[in-house]
Amino acid sequence: MFAEAGVSGVILCGREYMNSLEDSSMEEVKQAIRSEPWLDAYFEIGERFIRTRNRRVSYTFAGLRHNLDSIKSKARILIAWIDEAENVSEIAYQKLLPTVRENDSEVWLTWNPEVDGSPTDLRFVKSVPDGAKIVELNYTDNPWFPDVLEQERLADRERLDDQTYAWIWDGAYRENSDAQILAGKYRVAEFEPAAHWDGPYFGLDWGFSQDPTAGVKAWVGDGRLWIEYEAGKVGLENDDIAAFMIERLPEIERHVVRADSARPETISHVKATANGIRQALPRIVGVEKWKGSVEDGIAHLRSYKEIVIHPRCTQTLREARLYSYKVDRLSGDVLTDIVDANNHYMDAIRYGLGPLIQGQRPMKINPDAMRRA
């Protein structure tokens with residue numbers, strides 16, 4: 001404890017906007033201290049203050065947007081806890097972070113993600129600073145999660161679109177639905193393949209140093225695309241690809257598997273056994289690509305009544321939420337270019353459905369050939 005260590009300073013509790021103590025997290029801090037006798041023994045709590053009994057350490061509450069200059073003048077910030085950090089501006093971070101400079105001082109941020117690319121997201125998620133720790137906590141991490149909230153969660157799963165549900169319960173970003181490629185086209189549900197469905201269709205997308213080798217097992221039936229299984233891993237060695245997929249994608253070794261044709265040497269390796277020891281995918285082939293194949297694939301995916309993703313396919317579901325068109329930085333307009341991210345399982349699906357996508361391509365007529373005929 002600070003009191004035992006003889007440390008003096010302040011614990012700063014900040015939010016982007018705070019007009020008065022009523023807008024602050026003071027009451028939350030008071031309740032937390034009072035709920036633990038060992039903490040209550042160290043602190044004095046008044047109507048407008050919280051401090052250690054030896055008065056070496058005190059809490060201070062401030063709004064970052066309008067009180068930055070006064071914050072910079074505060075001496076010896078030991079801990080800065082910034083709540084609702086989703087709304088904190090870049091200029092606030094530029095002024096605040098150099099102010100927290102005591103030995104062993106820390107900055108704590110708590111927030112519900114909303115915008116992919118917010119200042120908080122860019123500084124602490126997209127590029128994690130040295131020494132930082134990022135912890136994601138959801139309802140599944142709460143051992144005291146009450147039944148009343150579980151019933152509400154299940155009701156939200158049934159009545160809300162997946163993106164809204166994911167933002168409320170799974171810590172996902174609240175995305176620009178106009179930019180989401182599969183917005184309104186997918187849902188999550190458990191299912192068993194029906195006898196009259198077509199498939200299964202298997203697809204593989206090769207990984208690199210930071211990207212997973214991703215595989216999927218899908219079906220087509222009743223005007224819908226059904227994603228039954230997924231498998232993926234970063235750093236998967238070529239020798240291990242076949243065994244990894246066979247273990248996680250039932251029956252993949254018995255069917256045609258369509259993979260990214262950009263890596264023919266990998267396809268050859270995965271197709272062959274090694275002295276009968278290494279498992280193989282004997283029917284794996286490279287999928288044909290053509291100019292506009294990605295766009296044609298997206299059009300095909302959106303042509304289904306809906307895409308149904310089994311709940312166990314968590315990474316496919318994540319990509320379905322994040323697979324997006326680029327958005328103009330200044331105007332906010334949705335562009336036609338596709339963001340080259342969150343697309344590994346999406347690409348695997350496209351590869352697996354390659355012949356179906358080709359069957360939907362508009363036929364190009366060669367006028368010269370018609371004249372010769």
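Keep in mind the model is a prediction, meaning the values are calculated, not measured.
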Using a 3.5 Å distance criterion without hydrogens, assess whether the side chain of K185 forms a donor-acceptor pair with backbone atoms of R302. yes
Centre of Y351's six-membered ring, under 6.0 Å away, within 45 degrees of the axis: is that where NZ or CZ of R258 sits? no
V148 and E152: CA distance, side-chain angles, deciding distance, side-chain contact (heavy atoms from CB on, under 4.5 Å) verdict: CA-CA 6 Å; V148 64; E152 184 175 344; 5.8 Å; no
So W111 and I82, side-chain contact (heavy atoms from CB on, under 4.5 Å) or not? Walk me through it. CA-CA 9 Å; W111 79 99; I82 310 303; over 6 Å; no
Taking all non-hydrogen atoms of both residues into account, name the closest pair between A189 and P311 and its distance. O-CD, 3.4 Å
Examine distances only and state if a side-chain atom of S324 and a backbone atom of L322 form a donor-acceptor pair shorter than 3.5 Å. yes
Would you say D239 has more than 12 foreign heavy atoms packed within less than 6.0 Å of its CG? yes
Within a strict 4.5 Å, meaning less than it, do heavy atoms of the Y345 and D205 side chains meet? no
Is it the case that R312 places NZ or CZ above or below the six-membered ring of Y229, under 6.0 angstrom from the centre and within 45 degrees of the axis? yes
Flag, side chain of K271 to backbone of V285, donor-acceptor distance under 3.5 Å: no
Donor + acceptor pair across side chains of Q94, E90 (<3.5 Å): yes
Beyond-backbone contact of L249 with V216, side-chain heavy atoms, under 4.5 angstrom: no
Tell me whether V339 is reachable from V294 by hopping between hydrophobic residues (I, L, V, M, F, W, Y) whose side-chain heavy atoms are closer than 4.5 Å. no
Do S25 and D83 have side-chain N/O donor and acceptor atoms under 3.5 Å apart? no
In Å, rounded to the nearest 0.5 Å, how long is the span from CD1 of I349 to CG of L301? 6.5 Å
Between R224 (side chain only) and W219 (backbone N and O only), is there a donor and an acceptor less than 3.5 Å apart? no
Heavy atoms from other residues, nucleotides or ligands near CG of D340 exceed 12 (cutoff 6.0 Å): no
Same cluster (ILVMFWY, side-chain, under 4.5 Å), M26 and I79: yes
Hey, what's the ring geometry for H310 with F191, parallel, tilted or perpendicular (30° and 60° as the breaks)? perpendicular
Just by distance, do the side chain of T52 and the backbone of V57 share a donor-acceptor pair under 3.5 Å? yes
Note: Q279 and A242 closest approach over all heavy atoms is O-CB, 3.2 Å
Residues R153, D156: salt bridge by 4.0 Å N-O rule: no
Taking every heavy atom of A231 against every heavy atom of M245, the minimum-distance pair comes out as CB-SD, 3.7 Å
Show the numbers, then the answer: is there a side-chain contact (heavy atoms from CB on, under 4.5 Å) between V256 and I284? CA-CA 6 Å; V256 174; I284 188 171; over 6 Å; no
Can R278 and D240 be counted as an ion pair, charged N to O under 4.0 angstrom? no
Regarding W290 and D296, is there a side-chain donor-to-acceptor distance under 3.5 Å anywhere? yes
To the nearest 0.5 Å, atom CG of L78 lies from atom CG of D104 at 10.0 Å
Whether Y59 and F43 hold their rings parallel, tilted or perpendicular, with breakpoints at 30° and 60°: tilted
Ignoring hydrogens and geometry, is there a side-chain-to-backbone donor-acceptor pair from T120 to A85 under 3.5 Å? yes
Drop me the distance from L96's CG to L12's CG, to the nearest 0.5 angstrom. 6.5 Å
With S58 via side-chain contact (heavy atoms from CB on, under 4.5 Å) - residues at least two apart: V10, R51
Working to the nearest 0.5 angstrom, can you tell me the gap between Y42 OH and R53 CZ? 11.5 Å
Spatial distance of atom OG1 (T266) from atom CG (N238) [nearest 0.5 Å]: 4.5 Å
Does the plane of the ring in W197 sit parallel, tilted or perpendicular to the ring in W226? Use 30° and 60° as the thresholds. parallel
For a 4.5 angstrom cut-off between non-hydrogen side-chain atoms, does D347 reach R350? yes
Donor-acceptor pair, W81 side chain versus I11 backbone, under 3.5 Å? no
For K305 and D222: C-alpha separation, side-chain torsions, deciding distance, then whether salt bridge (charged side-chain N to carboxylate O under 4.0 Å, His left out) applies. CA-CA 9 Å; K305 291 179 182 177; D222 302 323; over 6 Å; no
Kindly indicate whether the side chain of I252, heavy atoms from C-beta on, has any atom under 4.5 Å from the side chain of V257. yes
I227 versus A218, closest heavy-atom pair with distance: CD1-CB, 3.8 Å
Might you work through the side-chain contact (heavy atoms from CB on, under 4.5 Å) test for E319 and H344, ending with a clear yes or no? CA-CA 8 Å; E319 289 195 356; H344 309 296; 3.6 Å; yes
Check for a donor-acceptor pair, side chain of E288 on one end and backbone N or O of G354 on the other, with a separation under 3.5 Å. no
Assess whether a salt bridge exists between E230 and R248, defined as any Lys/Arg side-chain N lying under 4.0 Å from an Asp/Glu carboxylate O. no
Where is the tightest heavy-atom contact between L182 and M346, given as atom of each residue plus distance? CD1-SD, 3.7 Å
Could you tell me whether the side chains of N138 and T140 share a donor-acceptor contact shorter than 3.5 Å? no
Taking E306 first and then R187, would you say they form a salt bridge - that is, a charged N and a carboxylate O separated by under 4.0 Å? yes
Do K289 and S261 touch side chain to side chain, with heavy atoms closer than 4.5 Å? yes
Just so I know, are the side chains of L356 and Y201 near enough to count as touching, which here means a heavy-atom distance under 4.5 Å? yes
Is any side-chain heavy atom of Q180 closer than 4.5 Å to a side-chain heavy atom of Y325? no
I need the minimum non-hydrogen distance between P200 and H255, along with the two atoms involved. CD-CE1, 3.7 Å
Without swapping roles, check the side chain of R56 against the backbone of G9 for a donor-acceptor pair under 3.5 Å. no
So that I can tick it off, tell me whether E28 and R15 are bridged by a salt bridge, with the cut-off set at under 4.0 angstrom between side-chain N and carboxylate O. yes
Once you round to the nearest 0.5 Å, how far does CG of L225 lie from CD1 of I307? 5.5 Å
Donor-acceptor contact below 3.5 Å, side chain S268 vs main chain E265: no
Would you call K233 and P212 a side-chain contact if the rule is heavy atoms closer than 4.5 Å? no
